[in-house]
Amino acid sequence: EIKNLEEIFEARIARDEKIEPKDWMPEKYRKTHIRQISQHAHSEIVGMLPEGNWITRAPSLRRKAALLAKVQDEAGHGLYLYSACETLGISREEMYEQLHSGKAKYSSIFNYPSVTWADMGAIGWLVDGAAIINQVPLCNTSFGPYARAMVRVCKEESFHQRQGYEIMLTLCNGTDEQKEMAQDALNRWWWPSLMMFGPTDDESTHTEQSMKWKLKRKTNDELRQQFIDQTVPQADILGLTIPDPDMKFNEETGHYDFGEIDWDEFWQVVKGHGPCNKERMKARVDAWEEGEWVRDAAMAHAEKKAKRKVA
Ligand code: FAQ
């Protein structure tokens with residue numbers, strides 16, 4: 001009977017139908033979606049930290065309001081994605097437990113420090129830029145709740161990206177010192193941004209199956225190349241230099257060739273040994289522990305109200 005269900009499922013995928021939470025799905029499909037969606041949610045939540053670091057030091061009220069709104073959007077994306085993931089039969093507590101114990105991954109990019117205001121520009125421009133390239137194809141992913149979440153998330157990421165690029169543009173049109181700050185931020189965020197797309201296709205364990213299920217609609221390398229092709233001309237407009245001496249437009253392929261990514265650094269960061277991994281995890285675990293009394297109070301209040309209703 002399972003074989004029959006599997007055939008029906010495969011046929012639905014082939015017809016580009018959305019799979020909904022109560023539909024039958026192979027156990028592996030469920031598991032790999034829980035893995036990717038929960039890691040995506042964790043990335044949004046941990047991703048609030050590098051920018052949260054600058055909210056109190058934003059250079060003007062306008063910049064502060066925009067940054068605050070962006071970081072709040074990230075919290076919203078995280079909660080939205082946790083909800084989508086819960087429809088697959090995992091509880092939010094379980095997901096938090098996986099994050100706090102180090103069992104679940106989150107994007108490598110958020111383990112780098114944000115040391116100057118220009119980093120707010122570089123994160124919006126590059127990190128949100130990379131996130132959009134990765135997420136636009138996911139609006140078309142086969143699992144309904146994930147696909148629908150991505151539509152809204154992408155609209156907000158697009159505002160985030162412009163917000164960052166505008167910070168870069170302002171710095172680049174400013175004093176020599178400001179322009180140097182922008183170049184320094186690009187130098188530090190460029191390579192980690194390329195790593196966000198994950199290992200090369202031949203090293204990627206999940207790509208083949210995820211492409212078959214239409215969870216992924218494009219491979220890691222395809223998306224990375226698309227990001228580079230889109231971003232290099234934007235750096236030219238800013239008058240900044242991409243920190244890659246091998247970066248060169250290839251007339252034959254119509255794409256930019258680029259230098260070797262430091263995959264050793266990537267795996268070190270993924271395995272927990274990046275510059276800020278410990279700090280990021282500590283911030284999340286502390287927030288969870290310090291919020292315990294709030295959760296307890298909310299539960300006690302809800303119970304009291306329910307009892308009053310019965311009486
Ligand atoms: N960092 O076989 P693959 C954002 C792991 S954007 C850490 O290629 P897959 C918005 C991977 O999990 C960032 N780990 O895996 C924002 C797997 O390990 P596992 C979040 C990585 O899943 C902006 C192993 O390596 N976006 O938050 C990374 O097919 C600004 C083998 O890799 C998403 O999560 C990495 N960079 O492809 C917020 C998008 N790359 O799980 C704040 C959805 C790979 O077996 C500020 N996710 N690994 O233990 C995806 O599209 C995919 O999951 C990929 C990885 C492309 C990330």
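The first residue in the sequence is number 1, and the count goes up from there. Counting starts at 1 for both ligands and their atoms, following the listed order.
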Are any protein N/O atoms closer than 3.5 Å to the N/O atoms of ligand 1? If there are, list each pair with names and the distance to one decimal place.
{"residue": "ligand 1", "atom": "1 (N)", "partner": "S108", "partner atom": "N", "Å": "2.8"}
{"residue": "ligand 1", "atom": "1 (N)", "partner": "S108", "partner atom": "OG", "Å": "3.3"}
{"residue": "ligand 1", "atom": "2 (O)", "partner": "S204", "partner atom": "OG", "Å": "3.0"}
{"residue": "ligand 1", "atom": "2 (O)", "partner": "T205", "partner atom": "N", "Å": "3.0"}
{"residue": "ligand 1", "atom": "2 (O)", "partner": "T205", "partner atom": "OG1", "Å": "3.3"}
{"residue": "ligand 1", "atom": "2 (O)", "partner": "H206", "partner atom": "N", "Å": "2.9"}
{"residue": "ligand 1", "atom": "8 (O)", "partner": "S204", "partner atom": "OG", "Å": "2.8"}
{"residue": "ligand 1", "atom": "8 (O)", "partner": "N220", "partner atom": "ND2", "Å": "2.9"}
{"residue": "ligand 1", "atom": "12 (O)", "partner": "Q39", "partner atom": "OE1", "Å": "3.0"}
{"residue": "ligand 1", "atom": "18 (O)", "partner": "K105", "partner atom": "NZ", "Å": "3.3"}
{"residue": "ligand 1", "atom": "22 (O)", "partner": "R35", "partner atom": "NH1", "Å": "3.1"}
{"residue": "ligand 1", "atom": "22 (O)", "partner": "R35", "partner atom": "NH2", "Å": "3.3"}
{"residue": "ligand 1", "atom": "29 (O)", "partner": "K216", "partner atom": "NZ", "Å": "2.6"}
{"residue": "ligand 1", "atom": "36 (N)", "partner": "S108", "partner atom": "OG", "Å": "3.1"}
{"residue": "ligand 1", "atom": "36 (N)", "partner": "M195", "partner atom": "O", "Å": "3.4"}
{"residue": "ligand 1", "atom": "36 (N)", "partner": "M196", "partner atom": "O", "Å": "3.3"}
{"residue": "ligand 1", "atom": "37 (O)", "partner": "K216", "partner atom": "NZ", "Å": "3.0"}
{"residue": "ligand 1", "atom": "41 (O)", "partner": "R35", "partner atom": "NH1", "Å": "2.9"}
{"residue": "ligand 1", "atom": "41 (O)", "partner": "Q39", "partner atom": "NE2", "Å": "3.2"}
{"residue": "ligand 1", "atom": "45 (O)", "partner": "H206", "partner atom": "NE2", "Å": "2.6"}
{"residue": "ligand 1", "atom": "47 (N)", "partner": "Q36", "partner atom": "NE2", "Å": "3.4"}
{"residue": "ligand 1", "atom": "49 (O)", "partner": "K105", "partner atom": "NZ", "Å": "2.4"}
{"residue": "ligand 1", "atom": "51 (O)", "partner": "N134", "partner atom": "ND2", "Å": "2.9"}

Q) In Å, rounded to the nearest 0.5 Å, how long is the span from CD of E279 to CG of N53? A)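 If I round to the nearest 0.5 Å, the distance is 8.0 Å.
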Q | K212, K216, E222 screened by side-chain hydrogen bond (donor to acceptor under 3.5 Å, both in side chains) with T207, the one that passes | A |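 Among K212, K216, E222, the one meeting side-chain hydrogen bond (donor to acceptor under 3.5 Å, both in side chains) with T207 is K216.
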Q: May I ask you to decide if the ring planes of F197 and F227 are parallel, tilted or perpendicular, using 30° and 60° as cut-offs?
A: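 The arrangement is tilted - the two ring planes meet at 30° to 60°.
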Q. On the ring face of Y112, is R188 found with NZ or CZ under 6.0 Å from the centre and within 45° of the axis?
A.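 Output no; distance or angle outside limits.
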**Q.** Lys/Arg-Asp/Glu bridge criterion (N-O < 4.0 Å) met for E27, R30
**A.**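 Judged by the 4.0 Å cut-off on N to carboxylate O distance, E27 and R30 do form a salt bridge.
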**Q.** No-hydrogen, no-angle side-chain donor-acceptor test under 3.5 Å, R63 and T170
**A.**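 Judged by distance alone, the side chains do pair up.
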